[in-house]
Amino acid sequence: MEVGSLPVELWRLILACLPLPDLGRCCLVCRAWRELILSLDSTRWRQLCLGCRECRHPNWPRRPHLPPVSWREALRQHALASRTWTQNGSDLHSSACLHLFRRRKDRRVWHAGTIAGGGYETLRGALAAAGPYDKVVLHAGVYEEQVEVSLKVPVEIVGLGKLGDVSLLVSFDQQCPTARLCNLVFMPAWFSPVVYKTSSGHVQLDNCNFEGCQLHIWGPGTCQARFCSFAQGSSAHFLGVAISLMDSCEFSGGDSASVTVEGAPVSEHNWAFKHLVALAKTFTMMTSNGSTEISNQGGKDSVGAGSQVNTPLEGVNTMEDWNKQEVDWEANWAKQKGGGSLLPSQDGTVIEEDGMETSSESSEDDEQEGEKGTGLKLSYDQHGLAHLSKANTPDSSAFPALLSLSAELQRDAEARDLAALVQGCLLRRCLLRDGKGGVHLCNHSQARLEANVFRGLNYAVRCIQNAKMVMLRNEVCGCKASGVFLRLSAQGLIAENNIHSNGEAGLDIRKGANPIILCNRIHSGLRSGIVVLGNGRGSIRSNQIYGNKEAGVYILFNGNPVVSGNHIFQGLAAGIAVNENGRGLITENVIRQNQWGGADIRRGGDPVLRNNFICYGYSDGVVVGERGRGLIEGNHIYGNRGCGVWVMSSSLPQLIGNHITHNRLYGLAVFCRKDTESAVSREGYRGPENFNEEGELMAWESDIDSEDERFSSRRPITVALVENNCISHNEAVGVFVKSSEPLNVVANMVNSNRGDGVSVIQSAQLTRLVGNCVLCNGWTGVAVDRECRVELRGNGVYGNNCHGVCFRGDGLIVENDVVGNNAVGIRVMDNADVKVLRNRVQVLRGYGISVKERVRGVVQENLVYQSHSASTKTPIRTNKQNLECVVLNNSLLTPRLDTLTVTPSTLPAHLAITMTNRITASVESGCHNNGSIFCSIL
């Protein structure tokens with residue numbers, strides 16, 4: 001019969017009336033008929049799937065309002081899974097040589113309950129009569145047994161009617177190889193809360209309800225539960241299981257963990273092991289190919305958009321809103337910078353003390369020269385740090401892209417092996433809600449959690465005592481405490497989960513736990529996104545961490561994770577906080593648009609912060625607070641509305657090779673105390689007493705072991721070090737120092753900042769500026785205030801808009817090139833006690849060296865280049881009444897009238913001080929409390 005003889009719509013009406021066996025036979029007729037049968041997916045196949053008593057809606061219990069990808073495929077998967085219990089080859093009655101004709105004995109059906117026409121009155125009577133693989137049908141009613149019922153032969157027990165019509169107050173002990181129970185309600189017997197247990201056989205549970213009771217499976221026993229509901233505190237316990245599968249089950253209302261997995265998987269396996277492994281791998285393959293609804297339907301929202309169960313916190317914008325704000329903000333910022341005005345957030349902001357004070361005094365020294373002819377200008381373009389001045393501000397296209405899970409697995413063999421692990425208890429497509437705990441793993445147990453929803457629990461997953469888990473594509477939300485706990489050397493792979501809106505941290509890693517955390521979305525938490533403490537470790541890579549009320553990643557109490565390739569953004573506190581002796585390797589992350597510091601390091605925190613993009617924050621880029629340490633290397637820190645780097649002088653950081661640009665306040669600010677107005681904004685964390693698990697105060701300090709040296713041994717330092725950084729185009733001072741501790745500033749490029757290049761307004765101990773290039777800043781190149789101890793050695797101070805060096809403090813100015821500045825080259829004033837030795841100075845106007853007021857010290861062996869050959873101005877200006885300052889052996893170079901250029905031999909020489917010599921050069925004492933030593937001799 002040809003399909004084309006009738007309209008397709010009419011054929012569909014006819015075929016929609018066929019039962020399931022006839023539909024299968026029609027599929028075998030021809031390809032055209034098969035296509036017709038398959039086209040009935042949303043009609044007849046849907047009707048057959050929903051009408052099956054042994055299963056529920058394919059997306060129950062997580063999203064029963066959403067249709068599956070294919071109703072026919074869902075029914076096929078159910079049919080395959082429901083036959084697992086009958087695949088016990090040892091009970092087949094067949095000849096070894098005639099295995100093609102083997103068949104089971106004819107199955108009989110036994111009835112129990114109040115029925116017309118006979119049957120057994122009790123369940124125990126029906127089971128006593130049943131043979132292997134027989135079916136016991138229980139009619140509507142309540143069945144109660146006063147003693148434990150033992151299942152000695154394989155049997156199938158099925159409730160007749162709707163789910164709930166048949167209730168059992170029975171405790172089963174399975175002693176046979178296999179059994180199946182379907183469409184039943186289990187309630188605890190009077191003598192035991194355990195309604196079913198097995199230690200060797202396999203049990204299959206389909207469409208059953210458990211109310212206030214427990215299911216116990218001991219290895220090598222196995223269990224396959226599908227479409228079951230565990231309510232009123234019911235739970236499942238697995239001890240040493242090699243494999244068990246819980247698929248599409250619901251757990252609710254428990255006062256303890258809903259699923260407990262304990263003990264290492266036993267090496268002995270029963271007959272069902274290989275069948276369940278094959279079934280689990282099929283599910284895993286389907287999920288990884290994207291066929292699960294959590295990724296296809298529930299996960300359609302973009303970053304920050306929020307799914308149907310993912311409502312973002314009030315005040316946290318979607319990603320689209322943030323992108324629009326970022327574009328508008330950057331465009332407006334660029335326009336305002338071009339106009340030379342301050343940014344809106346800088347209204348009322350002043351550059352402290354010395355920078356503004358100089359302007360009123362500079363007119364005295366900045367007398368214009370009468371000559372209008374062309375003067376000599378020494379070139380300083382080829383200075384030794386020219387390569388740093390070429391760094392441009394990266395845009396969002398320069399951000400490292402988030403890697404997919406498949407890309408991460410290709411790079412990491414350990415993660416790849418974990419992703420393929422199918423052992424222990426497997427939870428798939430389950431809903432765990434409204435109870436104390438979700439899944440508890442302990443004592444070397446193993447579990448795989450895939451495409452589940454954890455909602456409204458105290459905690460979702462707790463993995464401790466060397467347990468190992470694989471957690472893929474789950475949703476964890478609304479937990480009162482942390483979403484996922486890992487403690488006591490727990491391990492595992494946590495990948496592609498949506499963890500949000502939890503009361504504490506999304507992930508809590510403690511006490512030697514070492515998981516691999518890949519490609520998750522961790523957001524909208526009421527505390528931090530990820531917390532690593534108490535010697536916790538872990539590899540945290542390619543995650544999106546955003547919209548959390550506290551730090552995106554919080555490391556403390558000797559926590560030592562690897563945090564790499566993540567995007568951490570839109571947080572309501574710091575992006576990454578490292579405190580209380582926390583460590584960690586933090587590399588190649590994008591940390592942006594956070595309310596507080598992009599990275600916050602304090603109280604013994606000692607991380608490696610390398611090659612990150614820390615940008616567009618509402619406060620400072622990097623905050624190194626009280627007793628903070630760490631290596632901060634190769635980062636791009638730009639576009640922040642506060643300082644690029646904010647350092648407290650009691651800390652000992654190493655800032656090496658960073659690009660600190662286009663920030664709205666200082667590039668680098670070093671303070672000796674907390675700024676009371678901004679202390680709250682820079683304290684991007686709460687105290688450690690808040691990190692208690694389930695309300696218990698834990699003394700984590702007592703658990704801290706010796707430091708883990710698995711990363712790199714950094715050179716020990718006793719003085720904070722700022723080396724080889726590019727600090728440019730910031731809206732205030734490039735390097736601002738108000739410190740009570742020593743500081744080394746070595747070989748940095750400080751250029752094109754709107755205020756001073758370097759401003760030292762307080763330095764109780766020695767601040768050393770060695771081998772830096774201070775270039776084209778909007779005000780003074782280097783400004784040193786009263787009572788500051790500063791050494792300037794081997795620096796190049798070029799082309800600044802005001803003085804080259806303005807020095808009011810005590811110290812040394814040795815072997816510097818001060819060229820092309822717009823006012824005085826080196827200006828020493830007030831009661832400074834200073835040695836000005838072997839410098840080369842050339843200015844466009846004003847004096848080369850100006851020594852004013854009651855300055856004490858020596859001005860000796862300096863070389864001053866005069867810009868105009870006909871100039872009559874004294875290159876070195878001194879106060880003749882000041883007898884405490886010695887000026888001797890200084891040289892003046894005057895160009896000939898026909899000289900327009902200068903030979904290379906007379907250019908400022910390349911700074912030939914090696915990095916080691918800069919740091920270890922001896923400091924000549926030039927600070928005398930009782931006057932200059934030269935004055936005493938004279």
Side-chain angles (χ1 to χ4, degrees), residues 54 81-96 99 102-113 115 118-139 141 143-160 166-186 189 191-192 194-208 210 213 215-226 228 241-245 268-276:
E54 298 179 356
S82 63
R83 297 172 186 172
T84 304
W85 78 283
T86 63
Q87 296 177 5
N88 184 6
S90 61
D91 287 314
L92 292 172
H93 293 261
S94 64
S95 170
H99 63 276
R102 63 187 181 186
R103 59 184 298 246
R104 298 187 185 280
K105 293 175 58 179
D106 292 337
R107 296 179 60 197
R108 300 185 61 183
V109 179
W110 306 89
H111 293 267
I115 55 174
Y120 291 91
E121 294 184 359
T122 64
L123 172 62
R124 185 181 296 272
L127 291 174
Y133 298 98
D134 283 354
K135 183 176 184 179
V136 176
V137 178
L138 302 182
H139 291 253
Y143 297 81
E144 183 176 7
E145 297 291 341
Q146 299 300 316
V147 295
E148 189 174 75
V149 175
S150 298
L151 299 180
K152 299 186 178 296
V153 296
V155 68
E156 181 181 20
I157 304 174
V158 179
L160 190 64
V166 179
S167 299
L168 303 180
L169 282 76
V170 181
S171 179
F172 288 100
D173 179 13
Q174 179 181 334
Q175 300 174 4
C176 56
T178 183
R180 179 174 184 253
L181 295 91
C182 179
N183 206 39
L184 303 170
V185 176
F186 290 92
F191 56 88
S192 173
V194 180
V195 295
Y196 201 97
K197 62 183 178 182
T198 181
S199 59
S200 59
H202 171 73
V203 59
Q204 180 163 333
L205 302 167
D206 290 326
N207 197 31
C208 293
F210 293 80
C213 52
L215 169 68
H216 283 198
I217 309 295
W218 289 283
T222 56
C223 172
Q224 181 184 2
R226 302 174 64 253
C228 293
V241 294
I243 190 167
S244 285
L245 178 62
E268 181 184 357
H269 300 156
N270 66 8
W271 68 268
F273 176 82
K274 61 180 181 181
H275 300 286
L276 291 179

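Computed from a prediction, not measured in an experiment: that's the story for all the values here.
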Fill in: Listed partners of Gln175 passing side chain to side chain donor-acceptor pair (under 3.5 Å), at least two apart
Lys152, Asp173
Practice prompt. Find out whether Asp134 and Val109 are in side-chain contact, i.e. whether some heavy atom of one side chain is under 4.5 Å from a heavy atom of the other.
Written response: no
Worksheet item: Going from CD on Gln224 to OG on Ser244, what distance comes out if it is rounded to the nearest 0.5 angstrom?
Response: 9.5 Å
Item to complete: Look up atom NE2 in His269 and atom NZ in Lys274, then write down how far apart they are to the nearest 0.5 Å.
Response: 13.0 Å
Worksheet entry | Rounded distance (nearest 0.5 Å) linking atom CG of Leu123 with atom CG of Leu138 | 5.5 Å
Worksheet item: Given side chains that start at C-beta, do those of Val170 and Glu144 come closer than 4.5 Å, heavy atoms only?
Response: no
Practice prompt. For residues Arg180 and Lys135, determine if any side-chain heavy atom of one lies less than 4.5 Å from a side-chain heavy atom of the other.
Written response: no
Practice prompt. Apply salt bridge (Lys or Arg N to Asp or Glu O under 4.0 Å) to Glu268 and list each qualifying residue two or more places apart in sequence or on a separate chain.
Written response: none
Worksheet item: Just wondering, are more than 12 heavy atoms of other shown residues or ligands nearer than 6.0 Å to CD in Glu121?
Response: no
Discussion item. If the condition is side-chain contact (heavy atoms from CB on, under 4.5 Å), which residues does Val155 pass it with, not counting sequence neighbours?
Written reply: Leu127, Ala130, Val136, Leu151, Ile157
Worksheet item: Between CG of Leu276 and OG1 of Thr222, what distance do you get to the nearest 0.5 Å?
Response: 5.5 Å
Item to complete: Using side-chain contact (heavy atoms from CB on, under 4.5 Å) as the criterion, list what pairs up with Arg124, not counting sequence neighbours.
Response: Thr122, Glu145, Val147, Val149
Fill in: Test side-chain contact (heavy atoms from CB on, under 4.5 Å) applied to Val203 - qualifying residues, sequence neighbours left out
Gln174, Leu181, Tyr196, Thr198, Leu205, Ile217, Cys223
Worksheet entry | Side-chain heavy-atom pair Lys197, Glu148 within 4.5 angstrom cut-off | yes
Worksheet item: Under 30°, 30 to 60°, or over 60°: which ring-plane class applies to Phe172 and Phe186, parallel, tilted or perpendicular?
Response: perpendicular
Worksheet item: Among all residues two or more places apart in sequence or in another chain, which pass the side-chain contact (heavy atoms from CB on, under 4.5 Å) test with Ala129?
Response: Trp110, Tyr120
Worksheet item: Are any of the side-chain heavy atoms of His139 and His111 separated by less than 4.5 Å?
Response: yes
Worksheet item: Are side-chain heavy atoms of Thr178 and Tyr133 found at a separation under 4.5 Å?
Response: yes
Worksheet entry | Heavy-atom pair of closest approach, residues Gln146 and Phe191 | O-CE2, 3.2 Å
